[in-house]
K.L.:
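Below you will find the structure I want to go over with you.
Keep in mind that the numbers below use all heavy atoms, side chains included, and drop hydrogens, waters and symmetry copies. Sequence lines set the chain letters: A, B, ... in the order given, protein chains first and strands last, and positions in each chain run from 1.
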There are 2 protein chains.
Amino acid sequence: MVRQPSINAQHRAPLSTERIIEAALRIVDGQGLGRLTMRRLGDSLEVEAMAIYHHLPRGKEQLLDGLVAHVASAPADDAPSRRWQDVLRGWAADYRGRLMAHAGVLPLVVTRRNPAALTATVASLREVMRRGGVAEDAAAVAAHALLSYVIGHTALEVRGTGEDGADRAVDWDARFQAGLDLLLTGVR
Amino acid sequence: MVRQPSINAQHRAPLSTERIIEAALRIVDGQGLGRLTMRRLGDSLEVEAMAIYHHLPRGKEQLLDGLVAHVASAPADDAPSRRWQDVLRGWAADYRGRLMAHAGVLPLVVTRRNPAALTATVASLREVMRRGGVAEDAAAVAAHALLSYVIGHTALEVRGTGEDGADRAVDWDARFQAGLDLLLTGVR
DNA sequence: ACCTGAACACCGTTCAAGT
DNA sequence: ACCTGAACACCGTTCAAGT
């Protein structure tokens with residue numbers, strides 16, 4: 001008889017860092033960070049948990065770093081035709097949406113020691129302002145303040161921190177925009 | 001023979017929620033959030049881990065909520081003699097110091113569903129501005145933006161996200177102040 | 001090279017029992 | 001009322017082994 005490859009291994013996309021991160025993100029988004037487990041992650045990839053270590057030798061640490069990199073690294077794309085204020089407003093809206101869509105990784109974004117992702121993002125903001133004619137120092141300050149604001153706002157929004165008294169609900173979209181304007185109008 | 005109380009139980013301060021939270025904070029500050037364990041916490045209180053459940057029936061969830069409440073609930077104290085801008089500047093400096101001193105709980109502050117602590121804080125900021133003559137809506141927006149900025153900034157600072165290029169180090173104090181001014185000068 | 005299976009040292013939490 | 005001890009179901013990770 002001709003040898004048959006095992007059914008399990010057949011036509012199964014081979015494991016890759018990319019696929020692992022995506023599966024992990026799916027678990028975090030769907031069930032929360034607390035349920036992201038090496039064993040559960042293995043299950044969802046139809047593989048034993050230990051197979052993951054072949055692709056991520058540093059284990060769960062590396063997995064979490066990968067999630068941060070995947071979510072938090074989103075530089076502004078500078079279109080020369082638009083005013084820098086509008087470019088930053090567009091970026092801020094996108095970034096907020098991104099963080100809200102993956103709220104489970106927010107605690108990781110906030111404390112993982114993974115400079116690369118956020119540093120690239122903050123650098124892109126600074127560059128947008130520089131090209132728009134903002135002075136070096138002011139651009140550096142505003143870039144940091146802007147990213148800080150967006151991250152902090154998302155943290156408050158995701159927790160629903162904001163009843164004005166007890167009954168009046170918060171219009172998060174409006175509040176986000178208003179706070180953003182507060183910041184941007186100060187920049188020269 | 002007269003009965004002797006057991007040596008272990010003698011002259012030992014009885015367990016209390018307060019003492020448990022403080023011990024937990026000591027572990028988080030000294031060793032990091034990842035090393036906060038019910039068993040280790042028990043050890044540091046010279047008690048079996050399971051004794052903690054008598055005071056915190058909801059277990060570790062309740063413990064983490066307690067840490068957030070302890071660290072994140074720090075309203076501004078309004079001194080009528082000072083300008084509201086200076087009151088907020090003082091509060092911001094304190095709050096930043098507080099979060100930096102307990103950086104390990106930052107991920108909890110950012111995502112735990114515990115409105116009370118942050119809501120009280122944001123309400124106090126709004127009140128300071130209201131009494132300073134800022135309009136209702138503007139005060140609500142600015143209060144949220146201010147807390148968002150301070151939390152976000154601390155998150156970036158604690159991670160050291162900010163090399164301007166590769167070599168130039170960031171003066172976090174100066175940057176924090178400058179970003180704060182950016183925000184406050186926009187408020188009327 | 002890539003994955004598995006068994007094993008180890010640890011978790012959070014329950015439950016019955018002690019005082 | 002307050003704490004203990006044993007137990008349970010789960011973790012992350014190692015290591016030798018399979019193909």
Side-chain angles (χ1 to χ4, degrees), chain A residues 1-24 27-28 31-68 104-105 107-108 112, chain B residues 1-25 27-28 31-68 104-105 107-108 111-112:
Chain A
M1 251 204 173
V2 178
R3 201 171 66 85
Q4 294 249 74
S6 98
I7 294 176
N8 283 340
Q10 192 154 21
H11 288 299
R12 208 175 52 183
L15 226 42
S16 69
T17 312
E18 180 106 337
R19 276 189 64 224
I20 293 172
I21 300 286
E22 279 163 9
I27 291 174
V28 172
Q31 317 187 41
L33 184 60
R35 290 185 58 82
L36 176 59
T37 275
M38 297 303 273
R39 294 174 212 255
R40 233 187 302 265
L41 182 55
D43 276 358
S44 86
L45 290 161
E46 295 182 79
V47 112
E48 293 298 315
M50 299 72 196
I52 296 166
Y53 288 80
H54 200 266
H55 301 265
L56 303 177
R58 271 176 41 244
K60 198 168 187 182
E61 290 292 301
Q62 194 171 355
L63 177 65
L64 299 183
D65 286 344
L67 287 178
V68 173
V105 314
L108 303 177
R112 288 259 118 197
Chain B
M1 250 202 170
V2 179
R3 201 171 66 84
Q4 295 249 70
S6 96
I7 294 178
N8 283 341
Q10 191 156 21
H11 288 299
R12 209 176 50 182
L15 225 45
S16 71
T17 313
E18 180 107 338
R19 277 189 63 224
I20 293 172
I21 300 287
E22 281 164 8
L25 198 55
I27 291 175
V28 172
Q31 316 187 42
L33 185 60
R35 289 186 59 81
L36 176 59
T37 275
M38 296 305 271
R39 293 172 213 256
R40 233 189 301 265
L41 181 55
D43 277 358
S44 86
L45 291 161
E46 296 182 79
V47 113
E48 292 299 314
M50 299 73 197
I52 297 167
Y53 288 81
H54 199 268
H55 301 265
L56 304 176
R58 271 176 42 244
K60 196 167 187 184
E61 289 292 300
Q62 195 171 356
L63 177 66
L64 300 183
D65 286 344
L67 287 177
V68 173
V105 314
L108 303 177
T111 42
R112 288 257 119 197

K.L.:
Is any side-chain heavy atom of A:Leu67 closer than 4.5 Å to one of A:Arg112?
P.N.:
no
K.L.:
Side chain of A:Ala51: nearest nucleotide among D:dT4, C:dG12, C:dT4?
P.N.:
C:dT4
K.L.:
Would you mind reading off the distance between A:Tyr53 atom OH and C:dC8 atom C1', rounded to a whole angstrom?
P.N.:
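Roughly 13 Å, once rounded to whole Å.
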K.L.:
Which of the following nucleotides, C:dT4, C:dC2, D:dG5, is nearest to the side chain of B:Glu48?
P.N.:
D:dG5
K.L.:
Are B:Thr111 and A:Leu33 side-chain neighbours, meaning at least one heavy-atom pair lies under 4.5 Å?
P.N.:
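No, side chains not in contact.
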K.L.:
If I take atom CD1 in residue A:Ile52 and atom P in nucleotide D:dT13, what distance separates them, rounded to the nearest angstrom?
P.N.:
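The distance from CD1 of A:Ile52 to P of D:dT13 comes to 10 Å, rounded to the nearest Å.
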K.L.:
Measure CD/A:Glu46 against P/C:dT4 and give the value in whole Å, please.
P.N.:
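Result: 11 Å.
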K.L.:
Do A:Thr17 and A:Ile20 come close enough that some side-chain heavy atom pair is under 4.5 Å?
P.N.:
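Heavy-atom side-chain distance check fails, nothing below 4.5 Å.
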K.L.:
Could you work out which one of C:dC2, D:dC2, C:dG12 sits closest to the side chain of B:Thr37?
P.N.:
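So the nucleotide nearest the side chain must be C:dG12.
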K.L.:
If you look at every strand shown and take non-hydrogen atoms under 4.0 Å, does A:Leu56 touch a base, only sugar-phosphate, or nothing?
P.N.:
nothing
K.L.:
Does a side-chain N or O of B:His55 approach OP1 or OP2 of D:dC3 to a distance below 4.0 Å, or not?
P.N.:
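Result: yes.
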K.L.:
Answer yes or no: is there a side-chain heavy-atom contact under 4.5 Å between A:Leu63 and A:Met38?
P.N.:
yes
K.L.:
Can you tell me how far P of D:dC11 sits from CD of A:Glu61, to the nearest Å?
P.N.:
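Taking atom P of D:dC11 as the reference, CD of A:Glu61 is at 17 Å.
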K.L.:
What is the distance, rounded to the nearest whole Å, between atom CG of B:Leu45 and atom P of D:dT4?
P.N.:
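B:Leu45 atom CG is separated from D:dT4 atom P by 11 Å.
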K.L.:
Consider the side chain of A:Met50, meaning its heavy atoms from C-beta on, and name the nucleotide among C:dT13, D:dG12, D:dT14 that approaches it most closely.
P.N.:
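Nearest to the side chain of A:Met50 among the choices is D:dT14.
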K.L.:
Of the candidate nucleotides C:dG12, D:dT13, D:dC3, which contains the atom at the shortest distance from the side chain of B:Lys60?
P.N.:
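Out of C:dG12, D:dT13, D:dC3, the nucleotide with an atom closest to B:Lys60's side chain is C:dG12.
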K.L.:
Which nucleotide, C:dC3, C:dG12, D:dG12, lies nearest any side-chain atom of A:Leu15?
P.N.:
C:dC3
K.L.:
Below 4.5 Å, heavy atoms only, C-beta onward: do B:Asp43 and B:Thr37 meet side chain to side chain?
P.N.:
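Side-chain contact under 4.5 Å: no.
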K.L.:
Go through D:dC11, D:dC2, C:dC3 for me and flag the one nearest to the A:Arg39 side chain.
P.N.:
D:dC11
K.L.:
Please map the stems of DNA chain C, keeping only stretches of three or more Watson-Crick or G-U wobble pairs with both distances under 3.5 angstrom.
P.N.:
C:4-8 with D:12-16, C:12-16 with D:4-8
K.L.:
Could you check which of C:dT13, D:dG12, D:dA1 has an atom nearest any side-chain atom of A:Met38?
P.N.:
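For the A:Met38 side chain, the nearest candidate turns out to be D:dG12.
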K.L.:
Please report the distance, rounded to the nearest Å, between CD in B:Gln62 and C1' in C:dG12.
P.N.:
15 Å
K.L.:
Looking across every strand, which nucleic acid part, if any, lies under 4.0 Å from B:Arg40 by heavy atom: base, sugar-phosphate, or nothing?
P.N.:
sugar-phosphate
K.L.:
Starting at atom CD1 of A:Ile20, determine the distance to atom C1' of C:dC2, rounded to an integer number of angstrom.
P.N.:
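Those two atoms, CD1 and C1', are 12 Å apart.
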K.L.:
Quick one: does B:Leu25's side chain get under 4.5 Å of B:Val105's, heavy atoms only?
P.N.:
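Of all side-chain heavy-atom pairs linking B:Val105 with B:Leu25, at least one is under 4.5 Å.
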K.L.:
Measuring from atom NE2 of A:His55 to atom CD1 of A:Ile21, what distance do you get when rounded to the nearest 0.5 angstrom?
P.N.:
12.0 Å
K.L.:
Can you tell me how far P of D:dG12 sits from CG of A:Leu33, to the nearest Å?
P.N.:
11 Å
K.L.:
Quick one: does any side-chain atom of A:Arg19 pair with a main-chain N or O of A:Pro14 as donor and acceptor, under 3.5 Å?
P.N.:
yes
